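Chain letters run A, B, ... following the sequence lines, proteins first, then strands; residues in each count from 1. On a predicted model such as this, the values are computed, not experimentally measured, just so you know.
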There are 2 protein chains.
Amino acid sequence: MTSLTDKVFAALMSDISDGRLRPGMRLPTENGLMQRFSVSRSVIREAISRMQAERTLETRHGVGSFVLAPPARAVMLDSPPQTTLVDAFAILEFRTEIECAAAAFAALRHTNAHRRQMADALDQFEQALCNGSTDVVAHDIAFHSAIAAASGNRYFLDVLQQMGRGVSPRSQLAAREIAALDRVALLRDVLREHRLIEQAIVRRDADDARAAMRMHLAHSRERLRIAAGLAQGV
Amino acid sequence: MTSLTDKVFAALMSDISDGRLRPGMRLPTENGLMQRFSVSRSVIREAISRMQAERTLETRHGVGSFVLAPPARAVMLDSPPQTTLVDAFAILEFRTEIECAAAAFAALRHTNAHRRQMADALDQFEQALCNGSTDVVAHDIAFHSAIAAASGNRYFLDVLQQMGRGVSPRSQLAAREIAALDRVALLRDVLREHRLIEQAIVRRDADDARAAMRMHLAHSRERLRIAAGLAQGV
DNA sequence: GCTAATTTGTTCGTATGTATT
DNA sequence: GAATACATACGAACAAATTAG
């Protein structure tokens with residue numbers, strides 16, 4: 001169900017993510033957008049107000065609507081391509097620390113319910129692969145979330161989920177640029193690493209769980225590096 | 001400057017807080033509200049959508065708008081004594097993980113500017129103690145923040161600051177309940193531990209920095225445990 | 001199961017007020 | 001002051017979901 005509002009919203013968002021509209025730039029006037037999309041002003045204003053709610057735009061009365069810098073990310077750099085990449089590595093580095101700790105705690109504290117959550121996520125991951133699908137991002141996230149939940153300390157899960165948006169560009173990047181590689185083989189590696197982590201946790205071996213998670217995320221970093229290299233034509 | 005939308009919004013909100021509209025109840029239809037307030041449908045819909053954004057209402061297509069139950073903020077603020085305490089330990093556990101990692105990275109990556117930030121925080125901490133003040137929370141936070149900043153990965157600082165609210169109850173609790181103990185002696189211990197961390201970082205010894213931070217936070221946990229024990233009369 | 005009535009969702013067009021340049 | 005651009009409000013029409021008969 002894509003309403004006109006949805007379409008305008010999506011078009012403007014992709015203008016921003018493609019760099020046609022960059023932080024600080026002013027959008028066309030509402031009148032201009034009405035003509036560009038051949039819709040009424042209500043549609044434009046609804047789309048704009050959605051983007052305001054997402055902190056993507058800021059509208060100044062009598063002046064116009066301006067693209068905001070992505071909230072926390074504005075602090076360091078501005079050039080979009082590099083920032084995203086640098087950020088992706090920073091996020092991965094940070095995630096490595098909290099997820100390794102979470103895995104260790106999960107090994108010590110998980111319940112049967114947590115065990116089932118992890119198993120379900122892995123089964124669905126595998127099922128998708130067997131069906132030839134490479135769309136396993138959701139199952140990947142589910143597995144990592146299950147571990148964070150099993151840590152018995154809700155802050156691990158909270159923070160991991162808060163970083164959800166920051167993590168997705170990585171997936172998008174990888175998904176888009178790894179096309180040249182054998183995605184299925186790559187995802188099978190991921191699944192294998194997940195199984196190792198799960199086994200260590202189920203065995204209640206905290207050190208092994210931590211190590212398996214660290215290995216998994218180190219490999220992820222390499223996969224990201226390769227994908228980034230491809231994206232930059234290296 | 002109260003727009004019509006503001007008035008309708010305020011009226012409906014007070015209907016709810018006064019109990020005229022209770023959770024689960026259906027609002028009058030948009031037509032009904034138009035007549036009651038003598039405004040157009042756009043005004044009604046704008047007010048309703050504001051309440052949706054606040055999670056006060058839920059609207060079902062073809063049915064109506066319903067008052068939602070307040071979202072059980074039980075997690076953080078409700079039952080203060082036990083929940084807060086459990087939470088305080090969970091926060092400390094989580095902080096231990098990210099701050100140890102941050103300290104290790106800081107040892108490897110800090111610049112002169114970071115070194116100065118840490119030194120300033122420690123000097124001010126010490127100065128305050130010498131002056132007989134025990135209000136050093138700000139300097140404590142400044143030191144930990146400086147390390148997170150020196151990690152070269154802004155997510156450590158971001159998350160630490162996001163947990164600021166969660167951290168403060170600990171300080172409050174400690175500050176309130178440790179009155180019986182010799183606070184100055186206790187804070188001198190904290191300062192000594194801070195110095196050890198700083199020295200390891202300056203010496204660029206990542207392992208020592210990590211260990212010193214872990215020791216510091218483990219001691220903090222003990223200090224918290226003692227304070228909690230006092231609070232509960234144990 | 002179908003139809004009709006009710007209710008919200010979406011879109012349009014227009015008019016007036018207000019802030020900025 | 002004049003022009004531009006957003007803010008607020010009105011009225012109307014049709015689409016889509018739900019419910020009652």
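Across all strands shown, B:T29 has heavy atoms under 4.0 Å from sugar-phosphate atoms exclusively, and none from any base. Here B:T59 lies in heavy-atom contact (under 4.0 Å) with sugar-phosphate atoms only. Contacts of B:R60 with the nucleic acid, taken as non-hydrogen atoms under 4.0 Å apart, involve only primed sugar atoms and P, OP1 or OP2.
Between the side chain of B:D15 and the backbone N or O of B:L21, no donor-acceptor pair lies under 3.5 Å. When atom types are taken as modelled, the side chain of A:S145 and the backbone of A:A142 share no donor-acceptor pair closer than 3.5 angstrom.
Taking a cutoff of 4.0 Å between a charged side-chain nitrogen and a carboxylate oxygen, A:E30 and A:R36 do not qualify as a salt bridge. A:R188 and A:E126 are not joined by a salt bridge, as no carboxylate oxygen comes within less than 4.0 angstrom of a charged side-chain nitrogen. In this structure, B:D6 pairs ionically with B:R50, as a charged nitrogen and a carboxylate oxygen lie closer than 4.0 Å.
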request  = Output, in order, the C-alpha distance, side-chain angles, deciding distance and verdict of salt bridge (charged side-chain N to carboxylate O under 4.0 Å, His left out) for A:R192 and A:E198.
outcome  = CA-CA 10 Å; A:R192 202 170 304 127; A:E198 182 208 22; over 6 Å; no
ask   = Please walk me through it: do A:D189 and A:R195 pass salt bridge (charged side-chain N to carboxylate O under 4.0 Å, His left out)?
value = CA-CA 10 Å; A:D189 285 346; A:R195 291 281 186 205; over 6 Å; no
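In this structure, A:R45 atom CZ and C:dT11 atom P are separated by 15 Å, rounded to whole Å. Distance B:F37 CZ to D:dA9 C1': 16 Å, rounded to the nearest Å. A straight line from CE of A:M34 to P of D:dC6 spans 11 Å, rounded to a whole angstrom. Atoms CG (A:D6) and C1' (C:dT11) sit 13 Å apart, rounded to a whole Å. Across the protein-nucleic acid pair, B:E46 atom CD and D:dT8 atom P stand 8 Å apart, rounded to whole Å. Computed from coordinates, the B:F66 CZ to C:dT8 C1' distance equals 11 Å when rounded to whole Å. Distance CZ (B:R50) to C1' (D:dA9): 13 Å, rounded to an integer number of Å. Between the CG atom of B:L4 and the P atom of D:dA7 there is a distance of 17 Å, given to the nearest Å.
Listed by first and then second residue, the ring pair (Phe, Tyr, Trp, His ring centres under 6.0 Å) pairs that reach into residues 100-131 of chain A are A:F105-A:F156, A:F125-A:H194, sequence neighbours excluded.
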Expected rows: protein N/O vs nucleotides 19-21 of chain D N/O, under 3.5 Å:
none

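For B:S42, counting side-chain heavy atoms from C-beta on, the closest listed nucleotide (D:dA17, D:dC10, C:dT10) is D:dC10. Among C:dT8, D:dC10, D:dT8, the nucleotide with an atom closest to any side-chain atom of B:V43 is D:dC10. Here the nucleotide nearest the side chain of B:E30, chosen from C:dG9, C:dT11, D:dC10, is C:dG9. Relative to the side chain of B:H61, the nucleotides D:dA16, D:dA7, D:dC10 differ in distance, and D:dA16 lies closest. Among the nucleotides C:dT7, D:dC6, C:dC12, the one closest to the side chain of A:V39 is C:dC12.
For C:dT10, the OP1/OP2 oxygens have no side-chain nitrogen or oxygen of A:T5 closer than 4.0 Å.
In terms of polar N and O atoms assigned as donor or acceptor, the side chain of B:R41 never comes within less than 3.5 Å of the base of D:dA12 in a complementary pairing.
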